[in-house]
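Down below is the structure, laid out as structure tokens.
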Amino acid sequence: MLRKLFSFAVTAAWLMIVARAAYSQAPGSTKCASLAALGGAALPNPATVVTAAEWNPAKQAQGNTPALPEHCEVFGKMNERSGVNSERYAIRFHLRLPANWNGRFFFEGGGGSNGNLGTAFGNLQGQQRTNALALDYAVVSQDSGHDNAVNNEPNRNGTVTFGFDPQARLDFGYRSYDQVTQAAKALIQAFYGRPPERSYYVGCSEGGREAMMMSQRFPEYFDGILACSPGFNLPKAAVFGHAWDMQALSEVAKATGIYDRFGGPFLNKTFTDEDLDLAAQAVLAACDKLDGLEDGIIGNFDACTAAVVAPQLSAITCRGPKRVTCLAPVQVTALEKIFAGPKDSKGELLYADWQWDRGIGGSTLPKGHPGGDAYYQGWRIWKMGAYDSPVNSAIIATLGSASVSALFTTPPTSVATSGAAPLAYLLGINFDSVGAKLGAKAGEYTEPVSEFMMASSTELSAFRKRGGKLIIVHGVSDPVFSIRDTIHWWKEVNRVNQGSSSDFVRLFAVPGMNHCAGGPATDQFDAFGALVNWVEKGVAPDAIVATAGPASPWPGRTRPLCVYPKQAHYKDSGSIEDAANFVCRE
Ligand code: BEZ
């Protein structure tokens with residue numbers, strides 16, 4: 001028996017050795033390993049080091065990760081240096097090169113204030129079940145020049161410590177995307193022996209800002225760009241938009257005497273989930289019918305203005321004490337103030353107003369989605385935080401005090417990340433004077449935030465000329481970056497291009513959708529496929545079919561997402577659950 005066991009173990013070990021040897025001889029594996037020797041003059045930036053290059057076998061689908069192809073996985077870094085306060089900085093990147101390459105390059109945009117390397121699987125956005133690597137794209141992701149695990153000083157705004165480092169600021173703003181694109185393309189050339197035939201940049205939110213930045217600052221790099229819920233005016237959205245909302249909500253907390261444990265107005269408790277649902281129902285009552293069909297989707301959102309919503313808000317305003325069936329006048333005033341957008345004392349709009357839409361509510365939808373409650377309660381989570389939170393929680397998000405003080409204003413300043421300070425900082429912002437800090441330079445901070453972090457230029461002629469195509473998808477109920485801002489930008493681009501911008505830039509609005517996904521919306525769509533079709537086959541997308549997810553109010557419902565300013569109209573016959581019975585028109 002012992003002898004049998006012994007011979008079984010020897011055979012198994014031998015088989016493993018043979019399998020490993022065969023695997024390490026897989027075509028590509030030697031080439032992959034050779035990338036580890038690359039660096040210095042062999043790459044566009046000589047201060048680049050490939051830190052690892054490893055051949056990975058194909059993997060079966062696991063949970064939410066689709067099946068992955070056999071590929072070479074590369075880690076690298078560039079411009080390693082000692083920065084302000086002796087912090088160590090570098091731009092780190094993560095590249096995956098599939099064995100069966102489709103000849104295309106995919107840059108996966110970041111999120112929040114970055115500082116994470118990213119998986120380099122290639123998120124296609126639109127809740128798709130596959131990713132770019134699975135489709136055999138060469139995919140890169142990166143940390144944009146700082147590392148949240150390292151550059152994270154508790155007394156200097158935590159993970160926004162990099163805001164004190166002039167170079168790290170620029171790397172986050174625009175420089176790292178340029179550097180990593182060049183490095184990735186060179187490594188692709190080294191590995192496959194040819195450059196990519198097509199290049200794509202895809203991202204949402206911060207990643208959407210990066211995507212737009214590429215079309216404006218580096219128009220030659222990408223053939224197709226997909227910018228979802230883009231934070232192209234990120235500093236303005238934070239310094240003006242978020243702070244304004246915090247101040248509006250603090251009025252509700254003060255009027256109703258709700259304070260947190262540090263004595264600050266408790267914003268999380270200014271509206272219950274039911275209060276927000278009441279508001280959402282009022283908006284629906286005012287605006288659902290404007291597109292000709294009462295289906296729970298406000299297709300004609302442009303027409304859903306403050307004036308149209310006002311009578312319904314008035315109808316749900318308590319005449320006496322606050323009850324669950326009505327909103328206190330101070331709550332209605334706060335909503336109206338928030339939706340009107342941040343203004344200075346002269347009444348000038350500083351960021352953008354917000355689109356009235358039903359996505360403001362959401363408690364009737366199931367909680368506990370894998371993406372977090374923000375998936376269905378995006379508006380409340382971003383603007384005020386979960387009702388049950390023991391502390392004020394919306395004030396320290398990426399739009400909050402740490403980022404506003406250290407990253408979005410110059411010179412950078414510190415604010416404690418806990419206790420009373422974060423809220424007090426936001427409530428102390430003066431909208432007549434804070435704007436100067438976006439345009440300021442100070443000593444070694446030689447570029448103003450308004451210039452290097454905003455991707456709001458409408459001068460896209462170089463991108464257009466090289467045949468680039470840009471698709472923007474934005475949720476109408478996005479509480480982080482206002483679709484009104486995106487529409488304003490698009491109108492300006494269209495004006496600059498004498499009304500012909502649809503030749504190269506198209507905007508698709510998703511009614512009800514919150515930030516990047518979620519909300520009562522048809523938030524599953526293949527905008528990336530539409531982009532590739534446009535770039536490679538010249539088929540400009542007039543509509544992108546979108547589906548409502550399983551936990552939406554209408555699982556499986558489909559709708560066309562229309563090129564703005566067109567919107568989906570029911571053809572007056574057929575199922576209202578089917579996109580085929582809708583047409584896009586103005
Ligand atoms: C995001 O990437 O989702 C994000 C970026 C900045 C502020 C808020 C959200």
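In each ligand, atom 1 is the first atom listed, and ligand 1 is the first ligand listed. Just so it is clear, the model here is predicted, and its values are computed rather than measured.
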Ser477 and Asp357: CA distance, side-chain angles, deciding distance, side-chain hydrogen bond (donor to acceptor under 3.5 Å, both in side chains) verdict: CA-CA 6 Å; Ser477 283; Asp357 192 22; 2.6 Å; yes
Arg380 and Asp273 ion-paired at < 4.0 Å: yes
SG atoms of Cys516 and Cys228 less than 2.5 angstrom apart: no
Sub-3.5 Å pairs, protein N or O with ligand 1 N or O:
from     : atom 1 : to     : atom 2 : distance (Å)
ligand 1 : 2 (O)  : Gly112 : N      : 2.6
ligand 1 : 2 (O)  : Ser205 : OG     : 2.8
ligand 1 : 2 (O)  : Glu206 : N      : 3.2
ligand 1 : 3 (O)  : Ser205 : OG     : 2.7
ligand 1 : 3 (O)  : His515 : NE2    : 3.1

Non-neighbouring partners of Glu451 that pass side chain to side chain donor-acceptor pair (under 3.5 Å), sequence neighbours left out: none
Residue pairs fulfilling side chain to side chain donor-acceptor pair (under 3.5 Å) with at least one residue in residues 226-241, sequence neighbours excluded: Asn233-Asp485
Set of side chain to side chain contact (heavy atoms under 4.5 Å, CB included) partners for Glu459, sequence neighbours left out: Ser457, Ser461
